[in-house]
Amino acid sequence: MRYILTGGGTGGHVYPALAIANYIKTKDKDAKFLYIGANGRIEAKIVPAKGYKIKFIPATGLPGSKFSMSFLTFIISLFFGIMKSCYHIMLFRPNIIIGTGGFVSASPIFAGRLLRKFKLSKAKLFLHEANAEPGKMIKKAGPMCDGVGLSYRSCLEYFKRNGKYVGYPVRDEFKHGTREGSRENLSIEKDSFVVFVVGGSQGARTINRSIVDSLRYLKDLSKLKIIHVTGKGTPSYNGVLDTIRRFGYNSIDQKDFSFYTRMDYAENIKDYYLASDLIITRGGGTINEIAVCGRASLIIPKANLSGDHQVINAEDIKDAGAAEVIYEDIIIDNDEFAVMVSGKKLSEKISDLYNDKERIALLEKNARNYIKDSGTEKIYQFITEILENSNKKEYKVEEIIEKNPYANFRAPQLISILSKMSKEEVTSNKYLDYLRYRTSHYFNYDSWQVRNYAVKLSGLTYAEEKIPFLSKLFNDNRKVSSLQRLFGGQYQQVNFIRRNIMTAYRKIGRFNETIEKDILSSLDDKYFETVSEGLKNVIYFSENLGSNEKVVSKVGKLLKHKNFYVVINAVVAYTKFIKNIDEFNKFSHLFFNTNNKVRQAVIEALLCLNQRGIVEDKKTIDGFLGRILQTTTGFTPVFKFKQLIKDFDV
């Protein structure tokens, strides 16, 4: 049999392909292989080193926007990738094309489908998805395949016709070895508590920085040994250089931490896994290899990838009791939003596990149970079924595991869903932490529309911890360029954002000095809707603001605002602070206001004072009512006025 393998970009796509190929060789001694990958990516080094022939095609990832130069580049790259794949397929004449994900695998699958349509190839098509949430291209290419093998049952809903749960293709080498043997191979002391930190072959900025930031807090752990793989980096990120600079950023010297070892790449990673007590890593396919080794892991999944697949992967293994998870978060660093994991937070998690051998033992036990099936064997059986059947076969699935229902929703959809839920439904939601995590990362976008989503979701998820982020946006007075000003607005945080921040504060419902300061500032805002929402907050938090004379004074001045909507809210807000009937005269200039809704608000204010017992005398009430115009501008009696007057209990 002749097999084309394709998949790349990261080790999480390349190593599964090689694991499948290695297993096929044990069953098919005459098997011939050709690997199709992208030049300059990790497969260009790994695949030839493992003894497989590789050919290269152009490939780029699918961008988020369809109206951009990136999308045009993607279309051109995909076209030439398909054409070049057609050439390699016709020349090699495979029996089956096996893809393991990554954007490079789409072109050979599309090419195989195209050649079959024109009867230029008979090659079967097979894809393996290693993540709990398929990537964009896999979702598009999967349905045209003869079979799709899945590592997570939750993915079955995407491939109901041709999908089958097969598990993860772990390389056979990870199934053999001991902690003692690997420590001997690596010259590591037997009684050390080994923390192996690896963010992937390319390196992970968040992990590299947070582990350096954590070192100062870990000096007292006498048996601790940290082995940190920075990654060799990419054209856009140099993990080695970034890690070295992080020591300078913290004003510390690596030489002062004898328990810390740094390297850019780990050649025999299996030994490092097996030698470890705890492995800190990303949420890709690596977690399956770690689980097979039976090691405890602390996963820091990369945020905002396609379908949040690393987060979903991490949640799955965490739910199985086989790992701990720390989410990347947005913090304010040097007055800017930044994606980070606090070094102190990471050090506390490491310290807790260092001092809890029972917890480590339980994580290791659950990790071994997490992957019971031999993924490579099941994948080979599935491939064999596909090759032996001339027609496509539908694979009946008995069970589709519940998956995170919010993972594929965009921010506007999340806002729509949460808007229809009660506070109790939201705060008791199983996925509340995930929703708040998503909210955090929207703050870090340049687009004001996306930041506006973050503001709305902060309120809808009742996220008190987002108040500092909201306040930073509200008080950001940076002006836009002259060109941008032509399209409206003077500030980077547009009017809508400031208005919605006021709404979010009220939704969150927590009062503190930050909110008090921002409410006071909102009353001077140039945008009338921001002022109105600020006044609504004065009403909502009136018990907390009653002693703030500046707030009361500003509300009083807003009774003369030119916008009637502001005036109405100012009437309601000021009424909250009235302590005697004489103060009601503050509204006297509104008694004959041309807008009947303003006069209606004044009567409602008088009714409120009556109900509070501040004014109960019938003569006084009649005197005020006699001075307030109770008709429309056409002098037609207004029913609402009459009803309000009837409501007076005098």
Side-chain angles (χ1 to χ4, degrees), residues 1-10 13-14 16-18 20-21 24 31-44 47-48 52-63 66 70-130 134-149 158-159 161-163 306 379 382-383 386-387 389-393:
M1 289 285 185
R2 301 173 73 82
Y3 304 84
I4 280 184
L5 305 168
T6 180
T10 67
H13 295 303
V14 178
L18 296 178
I20 294 169
I24 289 173
K32 304 292 183 186
F33 295 94
L34 174 67
Y35 201 106
I36 295 179
N39 202 2
R41 309 293 287 189
I42 189 172
E43 59 266 29
V47 173
Y52 292 94
K53 187 178 180 181
I54 187 169
K55 296 291 183 181
F56 300 112
I57 61 171
T60 59
L62 178 63
K66 292 184 180 180
S70 298
F71 187 74
L72 179 61
T73 302
F74 163 75
I75 293 296
I76 295 170
S77 177
L78 181 64
F79 174 79
F80 284 106
I82 292 172
M83 292 300 102
K84 203 163 184 181
S85 295
C86 286
Y87 171 78
H88 292 310
I89 293 169
M90 293 178 70
L91 204 64
F92 187 73
R93 306 191 70 79
N95 297 93
I96 190 167
I97 300 169
I98 301 170
T100 53
F103 46 79
V104 71
S105 64
S107 292
I109 294 295
F110 291 150
R113 178 71 173 178
L114 185 67
L115 291 173
R116 262 179 29 180
K117 188 171 184 178
F118 290 101
K119 302 189 184 304
L120 296 173
S121 172
K122 294 181 179 180
K124 300 291 185 180
L125 306 174
F126 172 79
L127 270 177
H128 181 268
E129 176 52 65
K136 296 175 185 176
M137 293 305 294
I138 295 295
K139 287 178 182 176
K140 294 182 183 301
M144 64 179 63
C145 291
D146 298 284
V148 180
Y158 296 109
F159 310 104
R161 181 187 60 80
N162 61 349
S306 175
I379 291 168
F382 194 7
I383 290 171
I386 292 170
L387 288 168
N389 287 278
S390 56
N391 296 319
K392 286 186 179 180
K393 179 179 178 181

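Predicted model only: the values in this text are computed from it and were never measured.
- With rounding to the nearest 0.5 angstrom, the OG atom of Ser85 is 9.5 Å from the CD1 atom of Ile109.
- At least one donor-acceptor pair under 3.5 Å links the side chain of Asn162 to the backbone N or O of Gly142.
- Residues passing the ring-ring contact (aromatic ring centres under 6.0 Å, His included) test with Phe126, sequence neighbours excluded: Phe382.
- Not counting sequence neighbours, the partners of Tyr87 by the side-chain contact (heavy atoms from CB on, under 4.5 Å) test are Leu91.
- One distance of note links NZ of Lys55 with CG of Leu34; it measures 7.5 Å at 0.5 Å rounding.
- Put simply, the side chain of Pro134 reaches to within 4.5 Å of the side chain of Phe159, judged on heavy atoms.
- Taking CG of Leu18 as the start and CG of Leu5 as the end, the distance is 7.5 Å to the nearest 0.5 Å.
- Looking at residues two or more places apart in sequence or on another chain, you find a ring-ring contact (aromatic ring centres under 6.0 Å, His included) between Phe33 and Tyr3, Tyr52.
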Take Leu114 and Ser121, measure what side-chain contact (heavy atoms from CB on, under 4.5 Å) needs, and give me the verdict at the end.
-> CA-CA 9 Å; Leu114 185 67; Ser121 172; over 6 Å; no

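- The closest side-chain heavy-atom distance from Ile138 to Ser105 is below 4.5 Å.
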Test log, rule side-chain contact (heavy atoms from CB on, under 4.5 Å), inputs Leu78 and Phe110 | CA-CA 9 Å; Leu78 181 64; Phe110 291 150; 4.0 Å; yes

Run the side-chain contact (heavy atoms from CB on, under 4.5 Å) check on Asp146 and Arg116 step by step: do they pass?
-> CA-CA 12 Å; Asp146 298 284; Arg116 262 179 29 180; 2.7 Å; yes

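- Here the closest non-hydrogen pair linking Pro108 and Ile89 is O-CD1, 3.7 Å.
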In sequence, state the C-alpha distance, the side-chain angles, and the governing distance for Ile75 and Phe71, and then conclude on side-chain contact (heavy atoms from CB on, under 4.5 Å).
-> CA-CA 6 Å; Ile75 293 296; Phe71 187 74; 3.8 Å; yes

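- Atom NE2 of residue His88 and atom OH of residue Tyr35 lie 14.0 Å apart, to the nearest 0.5 angstrom.
- Not a single salt bridge (charged side-chain N to carboxylate O under 4.0 Å, His left out) links Lys84 to another residue, sequence neighbours left out.
- A distance-only check finds no donor-acceptor pair linking the side chain of Tyr158 to the backbone of Pro143 [under 3.5 Å].
- Between Ile24 and Ala31 the shortest heavy-atom distance is CG2-CB, 4.1 Å.
- Distance check: Lys124 NZ to Cys145 SG gives 12.0 Å after rounding to the nearest 0.5 Å.
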Below 3.5 Å, can you tabulate the donor-acceptor pairs from side chains in residues 92-101 to any protein atom, sequence neighbours excluded?
residue	atom	partner	partner atom	Å
Asn95	OD1	Arg2	N	2.7
Thr100	OG1	Thr6	O	3.4
Thr100	OG1	His13	O	2.7

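- Rounded to the nearest 0.5 Å, atoms NZ (Lys53) and NZ (Lys32) are 11.0 Å apart.
- Listed by chain and number, the residues in a side-chain contact (heavy atoms from CB on, under 4.5 Å) with Ala38 are Arg41, Glu43, Ala59, Val104 (sequence neighbours excluded).
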